[in-house]
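Just so it is clear, the values below take in all heavy atoms, side chains as well, and ignore hydrogens, waters and symmetry mates. Chain letters run A, B, ... following the sequence lines, proteins first and then strands; every chain starts at 1.
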Amino acid sequence: MLAPTVQPGLTFPSFTRSLMVLLLLGGTHLFEMVQAQTTGNHTVTITVATITAVQVSSGSVSMSITGAGVAAGQDLMTVSDQSTNLLWGINSANRKITVSTSLGSQTFSLRVVAISPTQGIAAPEVTLSTVANDFLLSVGRSSGSCGIGYTGLALASQGTGSDSHSITFTVQSE
Amino acid sequence: MQRTNILKLLPAAVLFALFGVMPPGTAKAQGIIAQQTVTLEVLELNKIGINRNALTLIIQEADVQAGVPLPVTNSDGALFWMTNGENKKITVASSNAAPRFNLTLMAVDVEQSAGLSLPEIPLNDAQTKDFIIGVTRAVGRCQIRYTASTQVSAGTGRETYVITYTITGS
């Protein structure tokens with residue numbers, strides 16, 4: 001576009017000045033072009049979905065009242081188990097964990113309580129029924145664990161036998 | 001602790017989010033519920049106990065007109081039992097196979113529906129004898145009334161009995 005030719009009527013110094021101006025303008029434009037090729041931007045969006053995970057450390061627990069600690073003349077017999085844990089990861093606020101059993105007609109009583117939760121507040125010990133009862137409160141936006149404390153209770157008048165419970169821990173809104 | 005826990009849950013959460021399934025393993029778990037099978041078994045239990053390890057009866061008076069020493073009784077001992085089985089009874093046996101004096105016993109104040117007391121039982125040999133019958137899924141208590149008597153001809157002296165109570169099947 002700008003040929004470096006000497007035009008008639010122009011003295012050499014003025015030609016040189018014109019050339020320098022041209023080079024300066026051209027160099028600036030070139031620098032802008034190079035600069036445009038080495039930068040860029042895009043939009044990054046992170047979406048965190050609702051995550052609610054709850055898990056037991058073991059799928060089964062067996063408890064047996066065999067006579068240890070049973071006294072003559074005393075009606076109530078008990079057995080306890082704290083061998084399993086409940087673990088959870090919840091990124092929603094205002095959540096609690098409830099517990100229920102599938103066994104509607106029980107010969108004996110089974111109680112459960114959360115032991116030493118790392119997050120949240122353990123609800124008072126409850127006797128399990130098919131109706132969901134509070135197990136752990138205020139566990140929103142947390143991950144943690146607690147022991148699951150079961151206590152089986154039997155009376156002499158209830159005789160012998162076996163109850164098989166399917167226990168369900170459920171994360172719910174508080 | 002929290003970090004460890006969330007790391008444990010992370011694979012399960014990712015699998016659940018992607019495929020709607022949980023990894024196989026001993027622990028059952030789903031997105032918002034976890035399930036666990038709890039089995040509570042109650043075996044047959046029979047327990048019996050007594051509140052006094054030693055009792056003493058002293059015959060020291062006599063009916064002069066009848067010419068016999070007066071019997072003495074002691075009801076300080078109490079028996080306790082518990083069974084969640086059915087058709088049980090409580091038996092009693094003495095270690096003294098040939099006693100010189102007379103010792104009898106009877107259960108008194110048996111709690112209702114805890115069993116049926118039998119009439120006065122002589123401990124005149126070492127045979128096992130029924131003491132309380134009809135014990136089924138019950139918790140009970142009674143007083144043990146011992147009665148000691150003797151004849152003039154038996155003279156004086158001291159006898160020791162080891163009395164054993166047993167809860168057993170009928």
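Counting heavy-atom pairs closer than 4.5 Å to chain A, the top-ranked of the candidates B:L45, B:I167, B:L79 is B:L45. Between chain B and the residues A:S166, A:S164, A:S157, the largest count of heavy-atom pairs under 4.5 Å involves A:S157.
Interface remark: A:Q172 contributes no atoms to any contact with chain B (heavy atom separation under 4.5 Å). Neither the backbone nor the side chain of A:V99 comes within less than 4.5 Å of any heavy atom of chain B. Neither the backbone nor the side chain of A:L76 comes within less than 4.5 Å of any heavy atom in chain B. For A:Q158, the part lying near chain B is the backbone, with the side chain staying farther off; criterion is any non-hydrogen pair under 4.5 Å. With a 4.5 Å cut-off on non-hydrogen atoms, A:T151 does not touch chain B at all. Neither the backbone nor the side chain of A:A49 comes within contact range of chain B; no heavy atoms are under 4.5 Å apart. Contact annotation for A:L103: neither backbone nor side-chain heavy atoms come within less than 4.5 Å of a heavy atom of chain B.
In the model, B:T83 has a side-chain atom that pairs as donor or acceptor with a side-chain atom of B:N46 under 3.5 Å. Between the side chains of B:Q36 and A:T84, a donor-acceptor pair is found at a separation under 3.5 Å. For the residue pair A:S83 and A:D81, a side-chain donor N or O sits within less than 3.5 Å of a side-chain acceptor on the partner. A donor and an acceptor atom, one from each side chain of B:E86 and B:T136, are nowhere located under 3.5 Å apart.
The minimum heavy-atom distance between A:R95 and A:S173, with the atom names listed, is NH1-OG, 3.4 Å. Among all heavy-atom pairs drawn from B:P71 and B:S149, the shortest one is CB-CB, 4.0 Å.
Under a 4.0 Å N-O distance rule, the pair B:E44/B:R137 does not qualify as a salt bridge.
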